[in-house]
There are 2 protein chains.
Amino acid sequence: MSAPPLSDAMIDRVARRFRALGEPQRLRILQVLQQGPRTVGEVVAALAGNQPNISRHLQELHEAGMLRRRREGNSIYYSIGDPVVNELCALVCGCAQREMEAELAALRGDGNSTAAAKTN
Amino acid sequence: MSAPPLSDAMIDRVARRFRALGEPQRLRILQVLQQGPRTVGEVVAALAGNQPNISRHLQELHEAGMLRRRREGNSIYYSIGDPVVNELCALVCGCAQREMEAELAALRGDGNSTAAAKTN
DNA sequence: TGGCTATATGCTCATGCAAGCATATAATTG
DNA sequence: CAATTATATGCTTGCATGAGCATATAGCCA
């Protein structure tokens, strides 16, 4: 009872943002942009992807409200436009890492691990 | 240079979690579970969805490491198993709401809005 | 055991969407 | 203007996945 259920419109907005973050390639792009603003070409070079692909991912992140765009001469600089993005990534990275470590521990053979035991 | 780029395995784990949150129906389920543990049937009743569909979404969230499962007699209780989930939702809800308000303000006709102006 | 309830699982269909190629637009320079 | 560089956009293909139906499994009770 902390809050009334969100409207469908809000749910969709929230889902869209999470979905934008749910693509490995886009997460890699964000990793690059965490070092500072980059042009499309620089991101392409950093990730060894092809240009149209990267360009579309950048647009997707931009339309999801996470990136800023700035034209400079012939180039376009993208940069992380909402500090929330960094927090989100940090949070999820943290628990993904804990999860990974738990699985490793389980593989090392202690039968009473916390996270990996399929408690079905 | 804050951190070395994450391994592909980590990227995939992180992406999976975000993807799990990137579905409107799953967000609604989480909203229900934020009020406390619920059986599958209770979630089904709360969302007016069909049972197999809800069950699958619950499993997906569970496998993504976000929900706990507890058998009680014939029923199975799912509950939010990682407080990070609440933080994530709160963060994204916050900025989605700001975005929505900005768009509304733009629609009301002030030409110098902050977030909605397509700065292309 | 059989019947009942609660949950999970095959299965199919339809949709979304990432990847990759070719090409179009935009801005710069000569 | 033409040529060049940087970015975006059509377009197709293939795969992932959500919805919905029927059915299977698991646990409870008589």
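Residue numbers begin at 1 in each chain, while the letters A, B, ... track the order of the sequences.
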query: DNA chain D: A:Val40 or B:Glu72, which has the more 5' nearest nucleotide?
result: A:Val40

- prompt: Do the charged groups of A:Glu99 and B:Arg16 touch, with an N to O distance under 4.0 Å?
  reply: no

- request: Check the pair A:Arg28 / A:Gln25 against side-chain hydrogen bond (donor to acceptor under 3.5 Å, both in side chains), numbers first and verdict last.
  value: CA-CA 5 Å; A:Arg28 286 189 205 102; A:Gln25 186 77 343; 2.8 Å; yes

query: Passes side-chain contact (heavy atoms from CB on, under 4.5 Å), B:Val92 versus A:Phe18? Steps please.
result: CA-CA 8 Å; B:Val92 175; A:Phe18 279 126; 3.4 Å; yes

- request: Within residues 8-15 of chain B, find the residues that approach DNA chain D with a heavy atom at under 4.0 Å, and present them sorted by residue number.
  value: none

task: Could you list by number each residue of residues 47-61 of chain B showing a heavy-atom separation from DNA chain D of less than 4.0 Å, or answer none if no residue does?
output: B:Asn50, B:Pro52, B:Asn53, B:Arg56, B:His57

- request: Using a 4.0 Å heavy-atom cut-off across all strands, classify A:Tyr78 as base, sugar-phosphate, or nothing.
  value: sugar-phosphate

message: Using modelled atom types and a 3.5 Å cut-off, is there a donor and acceptor pairing between side-chain atoms of B:Arg26 and backbone atoms of B:Ala20?
response: yes

message: For a side-chain contact (heavy atoms from CB on, under 4.5 Å) check, start with the C-alpha distance between B:Asn53 and B:His57, then their side-chain angles and the critical distance, and finish with the verdict.
response: CA-CA 6 Å; B:Asn53 185 11; B:His57 282 306; 3.1 Å; yes

- prompt: Does atom CZ of B:Arg68 have more than 12 heavy-atom neighbours, drawn from other residues, nucleotides or ligands, at distances under 6.0 Å?
  reply: no

query: For the residue pair A:Ala96 and B:Met10, what are the closest heavy atoms and their distance?
result: CB-CE, 3.9 Å

message: Going 5' to 3' along DNA chain D, which are the first and last nucleotides with any atom under 4.0 Å from a heavy atom of chain B?
response: D:dT17 to D:dC28

- line: Looking only at heavy atoms, the pair that brings B:Arg17 and A:Cys95 closest together is NH1-SG, 3.1 Å

field: Same apolar cluster (I L V M F W Y, side chains within < 4.5 Å links), A:Tyr77/A:Val85
entry: no

- prompt: Rounded to whole angstroms, how far apart are CG on B:Asn74 and C1' on C:dA6?
  reply: 5 Å

- request: Identify the two heavy atoms, one from B:Leu6 and one from A:Gln31, that lie closest to each other, and give their separation to 0.1 Å.
  value: N-NE2, 3.0 Å

